[in-house]
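Reviewing the structure listed below.
Because only heavy atoms are used, hydrogens play no part in the values below, and waters and symmetry mates are left out as well, while side chains stay in. Residue numbering restarts at 1 for every chain, and letters A, B, ... go by the order of the sequence lines.
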Number of protein chains: 2
Amino acid sequence: MEYIAHDADIAPVATLIADPTRAAMLTALLGGRALAAGELARISGVSAATASAHLARLLGGGLVDVVSQGRHRYYRLAGHEVAEVLEVLARMSARRPVRSLRQSRQAKLLEEARTCYDHLAGRAGVSLLDRLKEGGHYAAHDLTETGERLLTRLGVDVPDARRARRRFAPECLDWTERRSHLGGALGAAITTVLLERGWYRRGTTPRAVVLTDEGRRGLAELLPGKELTSHTPVT
Amino acid sequence: MEYIAHDADIAPVATLIADPTRAAMLTALLGGRALAAGELARISGVSAATASAHLARLLGGGLVDVVSQGRHRYYRLAGHEVAEVLEVLARMSARRPVRSLRQSRQAKLLEEARTCYDHLAGRAGVSLLDRLKEGGHYAAHDLTETGERLLTRLGVDVPDARRARRRFAPECLDWTERRSHLGGALGAAITTVLLERGWYRRGTTPRAVVLTDEGRRGLAELLPGKELTSHTPVT
DNA sequence: CCGACATTTCGCCCGGCGTCTAAGAGTCGT
DNA sequence: ACGACTCTTAGACGCCGGGCGAAATGTCGG
């Protein structure tokens, strides 16, 4: 009596992620924005033809979606399940050794504040969750009454986030900080509002976001406490 | 100004999982038990030489541990982080088409009850969590007072589980049922007790566990409600 | 000390996949 | 309608990595 593996077949999906070029593309897309094929080619450092082939495979494997706009084709992650896989893998993987000064600068930016598919991560994300907890706005994976009022005042549609099929307000382990930030439908909704309000804006490097002066003031008023990000400017 | 990916490098880990042979090995090890190199070779359907090469790579990549006992070398997953990656990937991956009758039988066994690295999964795991919730023993990712008493009576060292560095009692999305079962330190502790008591015993196929008559009686007494597993025997 | 068994190492073959250049298909602006 | 631009397809090349058998290493039992 021989046992033959017959579980869910994880190899095909892993294969799609395993190639360094595709991994770079997926990681870039983890920023949550849709990127054109050409941008992805440049980011991952291959020719347009090679990038196209990779994107076709990712598309076939259901890891990315595509939307055509004129002569551009914008690719994005197929859903937050894909983002979860990438985040879990990132958490397990050693930090890539920094090779250049520019890379070091970009790495610092990402550690400071970035989007994790559709919610805020990095030091900014971790300290936001910390302050929600300290203020008694969040406990046991849910908002408290004061938290619900606070976020509603900020402009977050909390009931709508509760209706979403994904988990409402899970803690998501941050791979740079190794502490939790806020994920799920609520994390996404808050991040959307923060970007709409211009409290954070997207940086030039994929995934990176930076706190604006407006955001600094607004958050200080909303959530008294330490700065949401370190004072030392990224040089 | 060119952007070059510099995030955590997820490709190497993905590469280790991407090979079908290694994926089969890792999936088998998800059962939580350490398996000898020879067993893993048989399970994944390759020669001992090939298996050895794969295991060396998995070892180098930190995905598995090894412990030598006599002329056997027992391999096991390096930690629950690895198990998490595999579970998340399994959740994303399509079910492998069933090819033979025996495979279908084994698949049914796994859907019924299996270990997910170190805690109970499948219909049994999902319905266990359901009943804990229904009985008011578990809410908001934590045990209630009655739940703590109940499990202590069963023989679970709850305070010890709370002290563990991993999360205490997270809900873990089941890839066959697509509903949550209990994971984390508490899930592991409960499962250990269930196996020690002989309420469940490990099946012949990796990962599979079956409810014993003792277990049926014990659980019915402990958690009144529907059967923990379906009545229809697996034929 | 020797034979049986588990595992690893070595040498070799081979297929698949990632890469590029060049050409084709589709889209926009003028 | 034409050229410029974006992206995909086609074809060819190179190489990494998985597969096996045979031999070496290590371990247990007598």
- prompt: Please walk me through it: do A:Val85 and A:Glu81 pass side-chain contact (heavy atoms from CB on, under 4.5 Å)?
  reply: CA-CA 6 Å; A:Val85 173; A:Glu81 284 200 343; 5.9 Å; no
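- With rounding to the nearest 0.5 Å, the separation of CD in A:Glu87 from NE2 in A:His80 is 13.5 Å.
- When heavy atoms are screened at a 4.0 angstrom cut-off, B:Ala36 is found touching the sugar-phosphate backbone but no base atom.
- B:Arg202 pairs by the salt bridge (Lys or Arg N to Asp or Glu O under 4.0 Å) definition with nothing, not counting sequence neighbours.
- Taking OH of B:Tyr200 as the reference point, atom CG of B:Leu120 lies at 5.0 Å (rounded to 0.5 Å).
- A distance of 11.5 Å separates CD1 of B:Ile10 from CZ of A:Arg22, quoted to the nearest 0.5 Å.
- The CG-P distance, from A:Leu58 to C:dG18, rounds to 10 Å in whole Å.
- Pairs passing the side chain to side chain donor-acceptor pair (under 3.5 Å) check and including a residue from residues 185-199 of chain A, sequence neighbours excluded, do not occur.
- Every residue meeting the side-chain contact (heavy atoms from CB on, under 4.5 Å) condition with B:Arg201, not counting sequence neighbours, appears here in chain and number order: B:Val210, B:Thr212.
- Near DNA chain D, meaning a heavy atom under 4.0 Å from it, residues 60-67 of chain A has no residue at all.
- Applying the salt bridge (Lys or Arg N to Asp or Glu O under 4.0 Å) rule to B:Glu84 yields the partners A:Arg91; only residues at least two apart in sequence or on another chain are considered.
- Of the side-chain N and O atoms in A:His72, none sit less than 4.0 angstrom from OP1 or OP2 of C:dT27.
- Scanning for side-chain contact (heavy atoms from CB on, under 4.5 Å) contacts around A:Ala53 gives an empty result, with sequence neighbours left out.
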Can you pull every protein N or O that's under 3.5 Å from an N or O on nucleotides 11-13 of chain C?
none

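- Remark: A:Leu40 CG to A:Ser52 OG distance equals 11.0 Å, nearest 0.5 Å.
- Interatomic distance, B:Leu128 CG to B:Leu219 CG, rounded to the nearest 0.5 Å: 7.0 Å.
- In this entry the distance linking CG of B:Leu55 with C1' of D:dG17 reads 16 Å, nearest Å.
- Qualifying salt bridge (Lys or Arg N to Asp or Glu O under 4.0 Å) partners for B:Asp65, counting only residues two or more places apart in sequence or in other chains: B:Arg76.
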field: Nucleic acid footprint by protein, nucleotides 18-30 of chain D - heavy-atom cut-off 4.0 Å, B for base, S for sugar-phosphate alone
entry: SSBBB----BS--
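- Every side-chain hydrogen bond (donor to acceptor under 3.5 Å, both in side chains) that B:Arg73 has, sequence neighbours left out, goes to B:Ser68.
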Anything under 3.5 Å between a donor and an acceptor, one on a side chain of residues 55-62 of chain B, the other on a protein residue two or more places apart or in another chain? List them.
none

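- For A:Tyr75, no side-chain nitrogen or oxygen approaches OP1 or OP2 of D:dT6 to under 4.0 Å.
- Within 4.0 Å (heavy atoms only), A:Ala48 reaches at least one base atom of the nucleic acid.
- Rounded to an integer number of Å, the gap from B:Leu40 CG to C:dT8 C1' is 15 Å.
- In terms of phosphate contacts, A:Tyr74 brings no side-chain nitrogen or oxygen within less than 4.0 Å of OP1 or OP2 of D:dC7.
- Terminal axes of the helix from C:dC1-D:dG30 to C:dT30-D:dA1 (five pairs each, C1' rotation axis) are separated by 40°, to the nearest 10°.
- Taking side-chain N and O atoms only, A:Arg73 has no distance below 4.0 Å to OP1 or OP2 of D:dT6.
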